[in-house]
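Report on the following structure.
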Amino acid sequence: MRKEKITYGVWQNICHMAACAWKHAPGVLWLCLVSAALSVGISLTQLYLPPVVLAKIETPAPLSELLSTIGVLTAALVLLNGLLGYVAENTLYGRIEVRSAIISDIREKTCTTSYPNIIDPEIQKLKEKAMDACSSNAKPAEHIWETLTLLLLNVSGFVLYLTLLSGLNLFLIAAVLATSCIGFFLSSHMNQWGYLHRDEEAKYQRQLLYVQEKSESIALAKDIRIFGLAPWLASLYQKTLNLYAAFVTRRERRYVWACAADALLGVLRNGIAYVYLILLALDGGLSASEFLLYFSAFTGFSAWVTGILQGISDLHRESLDLSTIREYLDLPEPFRFEGGRQLPTADTYELKLEHVSFRYPNTEKYIIRNMNLTIHPGENIAIVGLNGAGKTTLVKLLCGFYDPDEGRILLNGTDIREFNRRDYYSLFSAVFQEFSELDITVAQTVAQAVSEIDMDRVKDCIRKAGLTEQIEALPNGYETHLGKNVYLDGIQLSGGQTQRLMLARALYKDGAFLVLDEPTAALDPIAEHDIYMKYKEMTAGKSSVFISHRLASTRFCDRILFLKNGVIAEEGTHEELLARGGCYAGLFHLQARYYQEGRDFDDEGIE
């Protein structure tokens, strides 16, 4: 579900960054101006120091006057450089603060944007580019301040030097301008190759990082050793490294030609200035000090021109990267997040699907087709069926992760699209097939908070999930750290223990609807039986949706839905569906044969 791309101009991005700086670190803007002014002062002092000293020698001036002149100009140079260093050091913190604020905005957008945006590959790529644009001090989200400072410096220097040189031959000034522009555009054209191929370079870097991370992964350590993957991973890394090296070689060859062209034009430019000024000096029109002043000014003038052109080019390029940040942050949301209706205040809720059909973005096949379903208050629903029947998709629709393409989903009679979607999410507690586990303590994992944790409630939820004995046996009990990526003393729970911990987390939230997508897949039979025995206690006062491939686990549910090809093929209690002798009964008997010794297995009864 890709949205139409939003474009931003250079000036728009500059204003956006200025507003961001004004909000988070206003000093950044003033320090840019001060830094440019100090740099111009240093350049002018360096320009005038040698000619002024030489003029004093030519006069000749008294030694005391000569030394005092040198002392004053040197002191001014030292002072200006000291102030510039101080400003540069202090402006760094503000720039980092602005970049950090942008990173925080990107992460908040990632955590809060609509679910369809998160799984869109194009948007994922856009997010990667946005994060890359602020991943270091040299990236546009921070470096743009350096670019703007240098551009301001170069423009100021250009105006001052142009004023100084305006009394000389205009043809000479035009020649310097022409050679500087030609040199810049030639170098820029060749250097542009690297920018245009930045995605190719990023691809190789991404592949190298991926192989490195997988090679060092704790989760893959067993597979690497059992299947002997180390030589293959090393070969894959080396192959990618060779491709990257070939890319770098091609790029550097172009850079060499760019540097050679720039050097040749520099010789031509300086040669023209030398010849003109030497002839002028021989005719008696220039003193030695004036010759030195004007020649230094010509050299500096060329640098200002090149600096302006380079600054404009850098600003344009950085603006393109900043646009990816803004495009990501300004992504349109398909869901309503504010301004919606208040959720109905009720002790129980009814959820209803009316003629709902759904297909995933950019696909033609409907996963859910014209489905009608009502989940009554306090009802426990089981959803079963073969792989691809639409079970998990149905749960995503119920939870509000997607809106149906056709039909409506109603909460107590109101279309859920009229509510703020985050408010709607608050009604659901869930354990999904793929769950998140952070490297925090057990108690923080259950409460999903770092403070104000109700420990009595945490322990009760752990008890209901059947995990009390294992947690209390840990070194620090409920304060034990999980995972090994952050804490050295972290422990790794088994798959079944982690799944029960996720169940405790869902119970702690205490939503009106409890959604369990294969919640016992990693549990042993005894632990699974324990969960079933406590299911009524866990779902007291709330509705629940239970997805499972093991049909025997659905007996305790009030109603069972057998999904096939995106529709509810059968519906009823466990006993009713067995008596009907349809698909559910056939699949149940097939699974039961695995537990009966001496029986032959076939696919009878599940068509």
Item checked: Salt-bridge criterion met for Asp460 and Arg463 (N-O under 4.0 Å) -> yes
Check: Would you call Arg421 and Asp403 a salt bridge, using N to O less than 4.0 angstrom?
Finding: yes
Do [X] and [Y] have a side chain donor and acceptor closer than 3.5 Å?
X      : Y      : value
Tyr328 : Thr110 : yes
Tyr8   : Asp330 : yes
Tyr244 : Glu201 : yes
Thr113 : Glu333 : yes
Thr393 : Tyr360 : yes
Asp517 : Thr392 : yes
Asn380 : Ser544 : yes

Can you find a pair of side-chain heavy atoms, one from [X] and one from [Y], that are under 4.5 Å apart?
X      : Y      : answer
Asn372 : Val356 : no
Lys109 : Leu331 : yes
Leu507 : Leu514 : yes
Ile106 : Cys134 : yes
Leu411 : Leu343 : yes
Leu501 : Thr445 : yes
Leu563 : Leu561 : yes
Glu479 : Val442 : no

Checklist line | Ring centre gap for Phe358 and Tyr366 strictly below 6.0 Å | finding: no
[atom1] of [X]: more than 12 outside heavy atoms within 6.0 angstrom?
X      : atom1 : result
Gln342 : CD    : no
Arg107 : CZ    : no
Lys352 : NZ    : no
Lys484 : NZ    : yes
His376 : NE2   : yes

Next item on the list: Identify, with sequence neighbours excluded, every residue that meets side chain to side chain donor-acceptor pair (under 3.5 Å) alongside Asn242.
Entry: Gln238
Next item on the list: For Asn137, enumerate each residue passing the side chain to side chain donor-acceptor pair (under 3.5 Å) test, keeping only those at least two apart in sequence or located in another chain.
Entry: Glu142
Notebook entry, point to check: For residues 405-430, which residue pairs qualify under ring pair (Phe, Tyr, Trp, His ring centres under 6.0 Å), counting only residues two or more places apart or in two chains?
Noted result: Phe401-Tyr425, Tyr424-Phe428, Phe428-Phe513
Note to self: Taking ring pair (Phe, Tyr, Trp, His ring centres under 6.0 Å) as the cut-off, I'd like each qualifying pair that reaches into residues 440-485, sequence neighbours left out, listed once.
What the structure shows: His481-Tyr487
Checklist line | Pair Glu379-Ser543, side-chain hydrogen bond (donor to acceptor under 3.5 Å, both in side chains): steps then yes or no | finding: CA-CA 5 Å; Glu379 186 178 24; Ser543 303; over 6 Å; no
Note to self: I want to check a possible cation-pi pair here: Arg417 against Phe335, using under 6.0 Å from ring centre and within 45° of the ring axis as the test.
What the structure shows: no
Note to self: Suppose we screen for side chain to side chain contact (heavy atoms under 4.5 Å, CB included). Which residues come up paired with Tyr93, at least two apart in sequence or across chains?
What the structure shows: Glu89
Next item on the list: Can you sort out the partners of Ala25 under side chain to side chain contact (heavy atoms under 4.5 Å, CB included), two or more places apart, ordered by chain and number?
Entry: Val28, Glu97, Val98
Next item on the list: Any chance you could lay out the salt bridge (Lys or Arg N to Asp or Glu O under 4.0 Å) test for Lys129 and Asp321, step after step, and finish with the verdict?
Entry: CA-CA 8 Å; Lys129 288 184 176 181; Asp321 290 332; over 6 Å; no
Note to self: Treating Gln207 as the side-chain partner and Thr240 as the backbone partner, does any N or O pair qualify as donor plus acceptor under 3.5 Å?
What the structure shows: no
Margin query: Show, in sequence, the C-alpha distance, side-chain angles and deciding distance for Glu418 and Arg336, and conclude whether the salt bridge (Lys or Arg N to Asp or Glu O under 4.0 Å) test is met.
Written below: CA-CA 7 Å; Glu418 296 186 23; Arg336 185 195 302 271; over 6 Å; no
